[in-house]
Enquirer: 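Please read through the structure below; I'll follow up with questions.
In each ligand, atom 1 is the first atom listed, and ligand 1 is the first ligand listed. The residues of the chain are indexed from 1 along the displayed sequence.
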Amino acid sequence: MNKRSNKFIFITGGVVSSIGKGLAAASIGALLEARGLKVTNIKLDPYINVDPGTMSPFQHGEVFVTDDGAETDLDLGHYERFTSAQMAQANNLTSGRIYDAVITKERQGKYLGATIQVIPHITNEIKERVLEVASTVDVAVLEIGGTVGDIESLPFLEAVRQMRSEHGPQNTVSIHVTLIPYIAAAEELKTKPTQHSVKELLSLGIQPEILLCRVDRELPKSLRQKIAHFTNVPVEAVIAATDVSCIYELPIKLQEEGLDRLIVDRLNIWSRQPDLSKWHKTVKRLLTPSQGQVSVALVGKYVHLRDSYKSLHEALIHGGLENDVAVQLNYVDSEELENIENVESKLDKFDAILVPGGFGERGLEGKIRAIKYARENRVPFFGICLGMHMAVIEYARHVCLIADANTAEVCCPSEHHVIDLLPEQRNIRDKGATMRLGAYPCVLAPDSLGARIYETTAISERHRHRFEFANEYREQLEKAGMVFCGISPDKQLVEMIEIPNHPYFLACQFHPEFKSKPHKPHPLFVHFIRAAKAQADRRSQAQTDGATAVNCSIN
Ligand code: GLN
């Protein structure tokens, strides 16, 4: 398609939250791209926060950071991983951001004395922003957060209703993701919640054209007909989205169900048949890796909330894909490492240790203990952001013998803040969008492990932090063996460190996990998993040698 023609796919959710709208939206983007179309995804989040940056990870899960420094919903991570679309601030609208913009304009007198109302001012603001993002692509896939029926989502759904009528049936399609629960006592799948949820959507003036039914088993034809009957959706557009063994199987499953065909037919788009060969290859490798398995410990604070480490989890899986190994991820609560006699009992079963990003004081000493264990026992280690801070503190304390080395992020008094506030952070009081955010360039030392991994010395990675390595300790740590292999172009900020003469000890100030994709795994994760595999091989060799020695002594 030459002319960008503003075609829109609206995705709503019904019955329960966490139903997989984000992955559905990402998969639809992938399917349309596989047909040669240019797509983008937009997430409309009904909450009042301006962005999720200030929300607790316990409530919201990961904050995904884009190149332009936006703190966004974790679904944008799915969008970037599933498609080649580059997400930015404009791809994540929240009620807070919309109201903030409208109120600012009102204060500036831009509405010329009008009474400001949800319709038309809020809905117009939503539509204008969506149109701007959509103007550069063939199809924009819009996901409306929350569940139909929520009070907060009403303005977004009203904007959707208006856009459907303004752009017409050939340019808009509404897909409702819903749940068909299986009631064990009755041994039956139940369609009633879906009927009610579609009714709710109809009451808002939106008749869905396609239903994506989340269901944990086969959805019989008779039930599809029943759902079709109650919802005015043609039976062939009642699609079963059965559970998949890995998320990258979803585009394949939805294509088999004919979802992309339905979409392009409705939108009157002429496109080629989708080429899903790369997805098939990825899924095959993921499900049947030929090189065995590695076991990685992720030592963090939010271990009971896997969503908090969404991109990290995926990036590690991608690293496994490239090495053709399965990655078994073990979440280890860093606080639990603080009070035990020896951390070895908790960590010796793992092939590698990763300390991810995080905030606040809790669990920090446990992370430092885990890093000390990895460094001294030559276990592959990878630290990310806070993980780099902890690696620096560990080295300062135990190698440079600066006993009270610490980060200024904790309140306990210390003479030696080897990690300190960034200078530009010192006078900032506001919490929202005030960290060092987004993509920054970094220069790698030519002969470093970092440069060998990236196969270049000029990189750009995404950041989200307030604290950094304190330069007055650079010389001392360098003399003691730490290598500052990644530095900002102006040489002021330490972005990556490594320890030579160790199988793999590397930590970075940025978050490489945000840029890893299943079809383009990030090199830092590829090499970390490679090091874990080498460690796994060493461990099993040592076990074989041990067993042989025991056998010999028995003989
Ligand atoms: N809390 C640390 C800081 O603000 C690290 C942040 C992170 O890990 N993303 O600098």
Enquirer: Polar pairs, ligand 1 vs protein, N/O only, below 3.5 Å.
Expert:
{"unit_1": "ligand 1", "atom_1": "1 (N)", "unit_2": "Gly358", "atom_2": "O", "d": "2.9"}
{"unit_1": "ligand 1", "atom_1": "1 (N)", "unit_2": "Glu409", "atom_2": "OE1", "d": "2.8"}
{"unit_1": "ligand 1", "atom_1": "1 (N)", "unit_2": "Glu409", "atom_2": "OE2", "d": "2.8"}
{"unit_1": "ligand 1", "atom_1": "4 (O)", "unit_2": "Arg466", "atom_2": "N", "d": "3.0"}
{"unit_1": "ligand 1", "atom_1": "8 (O)", "unit_2": "Gly358", "atom_2": "N", "d": "2.9"}
{"unit_1": "ligand 1", "atom_1": "8 (O)", "unit_2": "Gly358", "atom_2": "O", "d": "3.4"}
{"unit_1": "ligand 1", "atom_1": "8 (O)", "unit_2": "Leu386", "atom_2": "N", "d": "3.1"}
{"unit_1": "ligand 1", "atom_1": "9 (N)", "unit_2": "Arg464", "atom_2": "O", "d": "2.9"}
{"unit_1": "ligand 1", "atom_1": "9 (N)", "unit_2": "His511", "atom_2": "NE2", "d": "3.1"}
{"unit_1": "ligand 1", "atom_1": "10 (O)", "unit_2": "Arg466", "atom_2": "N", "d": "3.0"}
{"unit_1": "ligand 1", "atom_1": "10 (O)", "unit_2": "Phe467", "atom_2": "N", "d": "2.8"}

Enquirer: What residues, two or more places apart in sequence or in another chain, satisfy side-chain hydrogen bond (donor to acceptor under 3.5 Å, both in side chains) together with Asp404?
Expert: His416

Enquirer: Evaluate ring pair (Phe, Tyr, Trp, His ring centres under 6.0 Å) for Phe528 paired with Phe381, printing each intermediate quantity in order.
Expert: CA-CA 8 Å; Phe528 177 57; Phe381 166 76; 8.1 Å; no

Enquirer: Donor-acceptor pair, Thr72 side chain versus Phe64 backbone, under 3.5 Å?
Expert: yes

Enquirer: Would you kindly say whether Gln509 and His389 are connected by a side-chain donor-acceptor distance under 3.5 Å?
Expert: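 Judged by distance alone, the side chains do pair up.
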
Enquirer: Keeping to residues at least two apart or across chains, list the side-chain hydrogen bond (donor to acceptor under 3.5 Å, both in side chains) pairs with something in residues 480-494.
Expert: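 Non-adjacent pairs meeting side-chain hydrogen bond (donor to acceptor under 3.5 Å, both in side chains): Ser488-Asp490.
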
Enquirer: Enumerate donor-acceptor pairs with a distance under 3.5 Å from any side-chain N or O in residues 438-453 to protein atoms, sequence neighbours excluded.
Expert:
{"unit_1": "Ser448", "atom_1": "OG", "unit_2": "Ala445", "atom_2": "O", "d": "2.6"}
{"unit_1": "Ser448", "atom_1": "OG", "unit_2": "Ala451", "atom_2": "N", "d": "3.1"}
{"unit_1": "Arg452", "atom_1": "NH1", "unit_2": "Asp447", "atom_2": "O", "d": "3.3"}

